[in-house]
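Following: one structure in structure tokens, then a few remarks.
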2 protein chains.
Amino acid sequence: MAAPSTNRVEPVGAPDVRREQMLEAAAAVMGERGFSETRIADVARRCDASPALVIYYFGTKDRLLTEALRWSEDRFYALCTAALGALPTARERLELLVHRTCVPDGAGEVPGWGLWFDLWAQALRHQEVAKDRIALDERWRRTIVDVVAHGQDTGELGDVDAKDFAVTFAALIDGLSIQVALVDPEVDPDRAFRIAMGFASDALGVDWRVPAKKRRSSSGR
Amino acid sequence: MAAPSTNRVEPVGAPDVRREQMLEAAAAVMGERGFSETRIADVARRCDASPALVIYYFGTKDRLLTEALRWSEDRFYALCTAALGALPTARERLELLVHRTCVPDGAGEVPGWGLWFDLWAQALRHQEVAKDRIALDERWRRTIVDVVAHGQDTGELGDVDAKDFAVTFAALIDGLSIQVALVDPEVDPDRAFRIAMGFASDALGVDWRVPAKKRRSSSGR
DNA sequence: GTCGGCTGACTGACTGTTCAGTCTAAAGAC
DNA sequence: GTCTTTAGACTGAACAGTCAGTCAGCCGAC
């Protein structure tokens, strides 16, 4: 394209687009290689730019990676909330949340688990990332609370403390996701799903148990 | 520095001792700085050796860090099992396990959480570390199973599937620990402890609930 | 004397960042 | 309509710092 002179594959596009491309590329590379193994050159190659241009846009590598982390979080959250709205029952909504997290690495357009591990590791040592991570988890729990509250409004769920449930449920899902992401022989996605929904059943006083060995490649709706 | 002869603080000691010192130093630095921010020079300084000596002992940086990771895991496990043996009841034992994990970073001689995050991140991308991590978690769950089985033998606990409980409980503790390690405003150590023991109470059919606001700086024995 | 633990000085590779300048397209000037 | 100017996206080529790993040799103990 852009025939005569340059031989760019893409028309390059507006600065905003370029920026987004770079963030996406950075998030992707970070997911594959890991935070600190990510080179500016990798990101640049991936979005068809020069390393200098990446610096031109973000100033420093650190800023690029930090922003990419945030961008990825936002994207994950946006995708989740959008998908949630399309589901009618609390049960389906909770199932969706579990699916979105307890997924083997690399599946779907969701940022891989590598990013989460790195996010935690970075949050432990960098103030700014720590703040982001707290906000992200708060949002995540609020999402769970909203799902439960909605279920209570429709009468699907009885009276439980949605906030308490959210804290525990979020922690449980995190823990299960780790096992799934690391391909633990004891905890495959199916089992993780059943454990999570089993806990939700008990805690919320409903019967959402999934019969073992029944489910299969149930891509959330 | 390097006055007349040597001004070593320690008599340096046998090679085995030296090796162990290096592993401990490496684990400590990794916990502080993170896996990939750990420099051989840092480790060397910490155990009062030259960078060249560290390479002399371990060949490559990679080998050093991998071994340090394993060493740290083993140490954590050894400390835990030793402490467990000193406690009579299943309740006290489970409480100990929760304490050992849901602790703010840096407290105690237990390897900090930074190491765990890095372990996960590395396991995601390196076969060898992945194997170690699976073995570690398997050991961890077996520890929980043993505690439960012991409680069932003494009649303290009723009939539950210890393995199922272990998988869920381990995941829950992991998730809670992350929040505690990252100083989440919503999940302090105290709350994490209560949530974990509350879950155990329900799952095991006993009443181990800890009344809120009661506990304080309870350094596990 | 020799052997193994140990070291300082060095190197080679890598990589974030800078910089001087190119190319493009839009905005004015005429 | 054509020429000039300007802004800003973009780049290749260096630069400078960092570090893992090498090497030739020291030194004390057996």
Which residues share a side chain to side chain donor-acceptor pair (under 3.5 Å) with T60(B), sequence neighbours left out |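 With sequence neighbours excluded, T60(B) shows a side chain to side chain donor-acceptor pair (under 3.5 Å) to no residue whatsoever.
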Detail all sub-3.5 Å separations between protein N/O atoms and N/O atoms belonging to nucleotides 16-18 of chain D.
none

Nearest whole angstrom, please: distance from the [atom2] of [N] to the [atom1] of [X].
X: F58(A); N: dA9(D); atom1: CZ; atom2: C1'; value: 14 Å
X: D42(A); N: dG16(C); atom1: CG; atom2: P; value: 8 Å
X: Y56(B); N: dC26(D); atom1: OH; atom2: C1'; value: 14 Å
X: L65(B); N: dG21(D); atom1: CG; atom2: C1'; value: 14 Å
X: L53(B); N: dC27(D); atom1: CG; atom2: C1'; value: 14 Å
X: F35(B); N: dC19(D); atom1: CZ; atom2: P; value: 16 Å
X: Y57(B); N: dG4(C); atom1: OH; atom2: C1'; value: 9 Å

Sorted by first residue and then second, give each salt bridge (charged side-chain N to carboxylate O under 4.0 Å, His left out) pair with at least one member in residues 119-131 of chain A; sequence neighbours left out.
->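 Listed once each, the pairs are R70(A)-E128(A), R125(A)-D118(B).
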Partners meeting side chain to side chain contact (heavy atoms under 4.5 Å, CB included) with I55(B) (sequence neighbours left out) |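 Residues passing side chain to side chain contact (heavy atoms under 4.5 Å, CB included) with I55(B): I40(B).
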N/O to N/O distances under 3.5 Å, protein versus nucleotides 17-21 of chain C:
| from | atom 1 | to | atom 2 | distance (Å) |
| --- | --- | --- | --- | --- |
| dT17(C) | OP2 | K61(A) | N | 2.7 |

NZ/NE/NH1/NH2 to OD/OE distance under 4.0 Å, [X] and [Y]:
X: R45(B); Y: D42(B); value: yes
X: R142(A); Y: D146(A); value: no
X: R194(A); Y: D164(B); value: no

Side-chain contact test, heavy atoms from C-beta onward, threshold under 4.5 Å: evaluate it for V148(A) versus F169(A) and give yes or no.
->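 No, their side chains stay 4.5 Å or more apart.
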Taking ring-ring contact (aromatic ring centres under 6.0 Å, His included) as the test, write out the residues that go with W140(A), two or more places apart.
->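 Expected list: F76(A).
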